[in-house]
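Here is the structure we will look at.
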Amino acid sequence: MNFLDRLPVTPRYALRNLARNRRRTLLSAGGLALGCSVALVAIGWNRGKNEMLINALAEGGAGHLTVAPQGWLESRGARLRLNQGSRVLAMLRADPAVRVATPENRVQALLAMGTRMVGVEIQGVDPATEPGADRLVRKAALGRYLVPSDRQGLVLGRTLADRLGVGPGDSLVVTVTDSTGSMKNAMFQVLGVVDLKSKLDAAICQANLKDVEALSGLPGEEKITVLLKDPSRLGPFLAGLRPRLPRGDRAWPWQEVSPDIANGVRLDTVFVWLIDFILVVIALLGVASAQLTAVLERRREFAVLSALGMRGGSMLKLLLGEALALGTLSLLVTLAISCPALLYLSRVGIDLGSGMDVAGVALVDSVMRADFGPWIIWESVLLSYAATLAASLYPAWFATRLDPAEALRVAQ
Amino acid sequence: MNKPILVSASRVRKVFHTGSVEVEALRGVDLELKEGDFAAVVGPSGSGKSTLLNLIGALDSPSSGELTVLGRPMAGLSKAGRAQLRLKELGFVFQAYNLVPVLTALENVEFVLELQGRGPAERRSMARQVLRELGLESLAGRRPSQLSGGQQQRVAVARAVVSRPRLVLADEPTANLDGANAESLLSLMRGLRDRHGMTFLFSTHDPRVIRHAGRVVTLADGRITSDAAKRKARSGRT
Ligand SMILES: Nc1ncnc2c1ncn2[C@@H]1O[C@H](COP(=O)(O)OP(=O)(O)OP(=O)(O)O)[C@@H](O)[C@H]1O
Ligand SMILES: [Mg+2]
């Protein structure tokens, strides 16, 4: 007695029906699997792209979350200061879930070198921690990055440096209007030039936080940028952090700090799912038509069975069993197509060329890769079975509605 | 001897509507079938034989008149109730393509038992036993395509009687068989009736088959024109 003989008759019956017209079964399963595979590759690609975008954003200085004074999210005012910046910073740096926490403040300034002048926003940073949070500035193309002992030193983006005609070692005049409204001048030296080959090169201008405090006349930190060791724990981390913050200081996830990027990610995901849905529905309609043909061919058989007293429920069980078997076949083909394709796209990826930015976020690594993970299994199971079951509903309903006397007479 | 009445029909009419055309397939049929009857329904094509068998077999319901099958008035029976009656208490043999092509002879028999909700051990042994009784044991593992027409009909009879229904209905069961096979199918059915007291009602055109019947009901144009018990029949007709 082999394995099949131990099953009840219904599943044996369902399984053998698939072998009845092998070509039709293979075409149905193959067509559906192709649709599901393209859908899965699109999902994998989108996931990879989003992950890369979020990483690039987070590690490009925006962090996973931002701690700033109340009202900062709305006004982004450079003159706002955290109520207890150094206490919050120490608390964050002591937290084991935090990879790096780095403070920042800003001041509007005019940089002048000889007759050339450029208006910029100087970012005051902690030279000890900034490179850990912002991988863009780590790559100083000329000169070097700031170190904590530097005073009146600047790191500039390439475009900015070219406009001023300066390089490492050159001095320039920084002019600001401080908090009391009076003009202030100071000499700064260019220490390094960062060349990302992106439009960010026109905006990068970093100095020691202490220097910016002195220039603006506003001591303290405007905000603290935090990178977590495990970005997927962002929600729980925020929930634990918020009650520990001093009055008047707030924490926001990157999605609220950069709503454009978050919306872009959401929109892309919805769009990919919509396209996938349409794709799978088209494949599903093909399967439904093949299944309906199969049911019509078996009118006589269903008429006899229903004359013998087979009820709609049993017939549904039989036909859904066939759908399940077809779904399993289609699942196997889907995995056989989509796993190697996604594995290739996740390992090798596609090179977008240097200086690429997606949605305004500079990508440090120009190769875009798809995501490959256990989700492929869940989603192929979901797609294959949902599609075959959906495709079988109408044919099954049709079969259960057959009037036995009528069907016997017509099919005689 | 007063045998129980299994089927009683009184002034049964059946009208089919196809578009604006009405066809009166049965025009007031009165009939009683008693337990142990081995009855043939004969008559020309279109006389209403299949219609009558379908009504008695709870495949369809009468347009008017009274029909009681195994104690149940057909008029009050729902679609589900009729399916239940067919599954649990009636046996059917059709003219051809009776069997599910992807199932073996044994599985075909087992399948109805599974639909009846019987457990695996019980249905396996019941199916084997009926095949043995009908001398079909050696065909148990074959699919219908590996069986002759006569063998297929015999397996269909096995499936119809496996759960010992009191009434078995067969609409032209021998129509596609040659003479020898037709007679052998009839004696198979006859043997079941003799051994187990099952009641058979079958329709036929074939004079050689009619010879085996214990009772012949003749239909013409939707009416019963004669209903005769034959001397040869062992059933106690009154
Ligand atoms: N579902 C139906 N719709 C319309 N007319 C029908 C239907 N079923 C039967 N009829 C008609 O009813 C009449 C009796 O048909 P029935 O099938 O009972 O005859 P029969 O005696 O079995 O004939 P045959 O020997 O050819 O099988 C015929 O005129 C037939 O056309
Ligand atoms: Mg007929």
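Numbered from 1 within each chain, the chains take letters A, B, ... in sequence-line order. Please read these numbers as outputs of a predicted model, since none were measured by experiment.
Not a single donor-acceptor pair under 3.5 Å links the side chain of R409(A) to the backbone N or O of T51(B). Judged purely by atom type and a 3.5 angstrom limit, R311(A) has no side-chain atom pairing as donor or acceptor with the backbone of Q84(B). A donor-acceptor pair is defined here as one N or O able to donate and one able to accept, closer than 3.5 Å; such a pair exists between the side chain of E114(B) and the backbone of T10(A).
Interatomic distance, L115(B) CG to L305(A) CG, rounded to the nearest 0.5 Å: 7.0 Å. Here the straight-line distance linking atom CZ of F94(B) with atom CG of L308(A) works out to 5.5 Å at 0.5 Å rounding. Rounded to the nearest 0.5 Å, atoms CD (E406(A)) and CG (L59(B)) are 12.0 Å apart. Atom NZ in K79(B) sits 7.5 Å away from atom OG in S306(A) (nearest 0.5 Å).
R82(B) does not touch chain A: none of its heavy atoms, backbone or side chain, sits under 4.5 Å away. Heavy-atom distances place no part of A160(B) under 4.5 Å from chain A, backbone and side chain included.
Annotation for E66(B): atom CD does not count as buried by contact number, only 12 or fewer foreign heavy atoms lying within 6.0 Å. No more than 12 heavy atoms of other residues, nucleotides or ligands lie within 6.0 Å of CD1 in I377(A), so this atom counts as exposed by the packing criterion. By the 6.0 Å contact criterion, CZ on R20(A) is enclosed, its count of non-hydrogen atoms from other residues, nucleotides or ligands being greater than 12.
The choice from V100(B), N98(B), V112(B) that makes the most heavy-atom pairs within less than 4.5 Å of chain A is V100(B). Interface remark: of the candidates G57(B), P120(B), A80(B), A80(B) forms the most heavy-atom pairs closer than 4.5 Å to chain A.
Of all the heavy atoms in E301(A) and P101(B), the pair that sits closest is OE1-CD, 3.4 Å.
Side chains of F111(B) and M310(A) form a contact here, defined as non-hydrogen atoms less than 4.5 Å apart. Side chains of R143(B) and R16(A) form a contact here, defined as non-hydrogen atoms less than 4.5 Å apart. Side-chain contact between P8(A) and E110(B) is absent, with no heavy-atom pair separated by less than 4.5 Å.
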